[in-house]
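Reviewing the structure listed below.
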There are 2 protein chains.
Amino acid sequence: MKELTKQQLKVLKSVEVYLKKTGFPPTRVEICNELGFKSPNAAEMHLRALEKKGYIAIKSGSSRGISIVKNQKVFGTNLDQMPVIGLVAAGSPTLAEENIEKRIPCDPNMFKENFDYFLRVKGLSMMDAGIHEDDLVAIKKTTEVKNGDLVVVRLEDEVTLKYFKKDNYILELIPANKDFSIIKVDLREQEAFVEGKSVGLIRTH
Amino acid sequence: MKELTKQQLKVLKSVEVYLKKTGFPPTRVEICNELGFKSPNAAEMHLRALEKKGYIAIKSGSSRGISIVKNQKVFGTNLDQMPVIGLVAAGSPTLAEENIEKRIPCDPNMFKENFDYFLRVKGLSMMDAGIHEDDLVAIKKTTEVKNGDLVVVRLEDEVTLKYFKKDNYILELIPANKDFSIIKVDLREQEAFVEGKSVGLIRTH
DNA sequence: TTATATACTGTAAAAATATACAGTATAAAT
DNA sequence: ATTTATACTGTATATTTTTACAGTATATAA
């Protein structure tokens, strides 16, 4: 990262302190009051310099639209609140607010591939794969899946979590519990929509 | 804390998500856009209700002057690099640098209880509990465990992950795979050290 | 000497924003 | 039957805030 001038560092620190104290970023005028400047433009120019050098991001047009850019080399990834969605038998899992049970603070890149949401598993059909009722399966929204992937598939209005196997126009959806039967779909007769695939799982003991 | 209505909770969550994403709080209009309200006054009234109930603070006259009031019970969202340790048959799992396979960015409070490290599971003895080889079990360092907990126990030099059951002097360490046998320890004859217990699990597919 | 970068003052206008006020609708409680 | 609480729409306005523009001053480099 580029070096900061003495004044730029002062402004950056001042923003950080204000953020910590209030929970939201300062305005130009507030920075001026803090540091004794008499023109809002003084703060403005320092902020733009800090932005150019990569220390902060400024959302144009927004009031208090300053965010501190974390040093990516140190932390690597971002902490997000990943939504948890119940696997409802009918209808696709959507990220609409009313479907979100809660949110879990974690990194969307914590698994090998990034993911978009957690699906709360209902039913016992994946028991033999070590997936239990109420486990949270991390789902990446994608239609690019390959045989053997654990996928979220919609048939008509029913959504299920199954292993994917496709041979020409025959799609097989394989549960991992011998007590459940394989669903075979002839894609010439019936449509199947792949909503996403699982990239990981978490469970609370 | 006072109970929140469904809509108030939605607004609170929406503010939290916005904050996490952008680093600064949303405006009334932005909350409306997010939740589908058509009047900024809808957001305003929910915010005032949240303020009155103690969930947020609003700095009057300031744009985006919303701050989340933390209560200790609500999970703090700290991004940490949680270490992954291999379950070595001999010797306790230590957090010494040479034992750390890698680090995973996630929140130590992502499960119901906080944890200290991940243990990479070796062997198949927990198969029936839905725990597979190479799963990562989140371990909280503690000696306070109760019957039924999944615990990390050291017997002599051997460390294992088993279900805990203690009846006076007799400690039983129960695997979850019928092909493995229960380890019975008479604590008058042999020492057993509880290193910690599992509070969760993650798996990469 | 002449740029050039840093570091400001001072002013002003346009846009963003909070917030008050007047309503409507609905369900639950009295 | 009437009140009360929740949950909004719709409009308006005063205030906050960003941001552009025109300057001044000083130190350093070319």
Side-chain angles (χ1 to χ4, degrees), chain A residues 1-19 21-69 96-98 100, chain B residues 1-19 21-69:
Chain A
M1 284 245 251
K2 274 182 187 164
E3 282 290 308
L4 292 181
T5 67
K6 216 166 181 177
Q7 289 303 82
Q8 284 162 7
L9 189 67
K10 259 195 191 174
V11 171
L12 180 60
K13 287 295 157 197
S14 155
V15 170
E16 283 172 355
V17 167
Y18 189 103
L19 253 170
K21 218 163 110 182
T22 67
F24 46 88
T27 66
R28 314 312 194 240
V29 170
E30 284 167 342
I31 293 170
C32 289
N33 293 342
E34 184 63 31
L35 299 180
F37 305 151
K38 284 172 185 168
S39 167
N41 197 42
E44 176 73 17
M45 304 217 73
H46 287 310
L47 289 174
R48 292 295 164 191
L50 286 167
E51 187 189 31
K52 202 167 272 177
K53 292 183 180 177
Y55 288 80
I56 64 172
I58 301 176
K59 192 180 166 197
S60 177
S62 284
S63 65
R64 301 175 188 273
I66 303 168
S67 52
I68 306 286
V69 175
E97 194 62 35
E98 65 265 25
I100 295 175
Chain B
M1 284 248 251
K2 271 180 188 163
E3 282 290 307
L4 292 181
T5 67
K6 215 168 182 177
Q7 291 302 84
Q8 285 162 6
L9 189 67
K10 262 195 194 175
V11 171
L12 180 59
K13 286 294 157 197
S14 155
V15 171
E16 283 172 356
V17 167
Y18 189 104
L19 254 170
K21 218 163 107 181
T22 67
F24 46 88
T27 65
R28 316 305 197 246
V29 169
E30 283 167 343
I31 293 170
C32 289
N33 292 342
E34 183 64 31
L35 299 180
F37 304 151
K38 285 173 187 166
S39 166
N41 195 42
E44 176 72 18
M45 305 217 74
H46 287 310
L47 288 175
R48 292 296 162 189
L50 286 167
E51 186 188 32
K52 200 167 275 178
K53 291 182 180 177
Y55 288 80
I56 63 173
I58 300 175
K59 191 181 166 197
S60 177
S62 285
S63 65
R64 303 176 188 272
I66 304 166
S67 53
I68 307 286
V69 176

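Lettering of chains follows the sequences in order, A, B, ..., and the numbering in each one begins at 1.
- Going from atom CD of A/Glu51 over to atom C1' of D/dT18 covers 13 Å, rounded to whole Å.
- Between A/Arg28 and D/dT18 there is a side-chain polar atom (N or O) within less than 4.0 angstrom of OP1 or OP2.
- Under the 30°/60° scheme for interplanar angles, the aromatic rings of A/Tyr18 and A/Phe24 are found to stand perpendicular.
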Every protein N/O lying under 3.5 Å from an N/O of nucleotides 6-10 of chain C:
from: C/dA7; atom 1: OP2; to: A/Thr5; atom 2: OG1; distance (Å): 2.9
from: C/dC8; atom 1: OP1; to: A/Gln7; atom 2: NE2; distance (Å): 3.3
from: C/dC8; atom 1: OP2; to: A/Gln7; atom 2: NE2; distance (Å): 2.5
from: C/dC8; atom 1: OP2; to: A/His46; atom 2: NE2; distance (Å): 3.1
from: C/dT9; atom 1: OP1; to: A/Lys38; atom 2: N; distance (Å): 2.7
from: C/dT9; atom 1: OP2; to: A/Lys38; atom 2: N; distance (Å): 2.8
from: C/dT9; atom 1: OP2; to: A/Ser39; atom 2: N; distance (Å): 2.9
from: C/dT9; atom 1: O4; to: A/Asn41; atom 2: ND2; distance (Å): 3.2
from: C/dG10; atom 1: N7; to: A/Ser39; atom 2: OG; distance (Å): 2.8

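- When rounded to the nearest whole Å, the span between CD of A/Glu44 and P of D/dA22 equals 16 Å.
- Here the P atom of nucleotide C/dA5 and the NZ atom of A/Lys52 are 10 Å apart, to the nearest Å.
- By the 4.5 Å heavy-atom criterion applied to side chains, A/Ile58 and A/Leu50 are not counted as neighbours.
- Contact annotation: the side chain of A/Leu47 approaches that of A/Ile31 to within less than 4.5 Å [non-hydrogen atoms, C-beta and beyond].
- When rounded to the nearest whole Å, the span between CG of B/Leu47 and C1' of D/dT6 equals 15 Å.
- Residue A/Ile66 contributes atom CD1, which lies 18 Å from atom P of D/dT16 at whole-angstrom precision.
- Between B/Glu30 and A/Lys59 there is a salt bridge, with a side-chain nitrogen of the basic residue lying less than 4.0 Å from a carboxylate oxygen of the acidic one.
- If you take CG of B/Leu4 and P of D/dT6, they are 11 Å apart, rounded to a whole angstrom.
- Of the side-chain N and O atoms in A/Ser63, none sit less than 4.0 angstrom from OP1 or OP2 of C/dA15.
- Between A/Leu4 and A/Tyr55 the shortest side-chain heavy-atom distance falls below 4.5 Å.
- Regarding contacts with the backbone of D/dT19, a side-chain N or O of A/Arg48 is found under 4.0 angstrom from either OP1 or OP2.
- Listed for the A/Arg28 side chain is no donor-acceptor partner under 3.5 Å among the backbone atoms of A/Glu44.
- If you take NZ of A/Lys59 and C1' of D/dT19, they are 16 Å apart, rounded to a whole angstrom.
- What separates CZ of A/Arg64 from C1' of C/dA16 is a distance of 12 Å, to the nearest Å.
- With contacts defined as side-chain heavy-atom distances shorter than 4.5 Å, the pair A/Pro25/B/Arg64 does not qualify.
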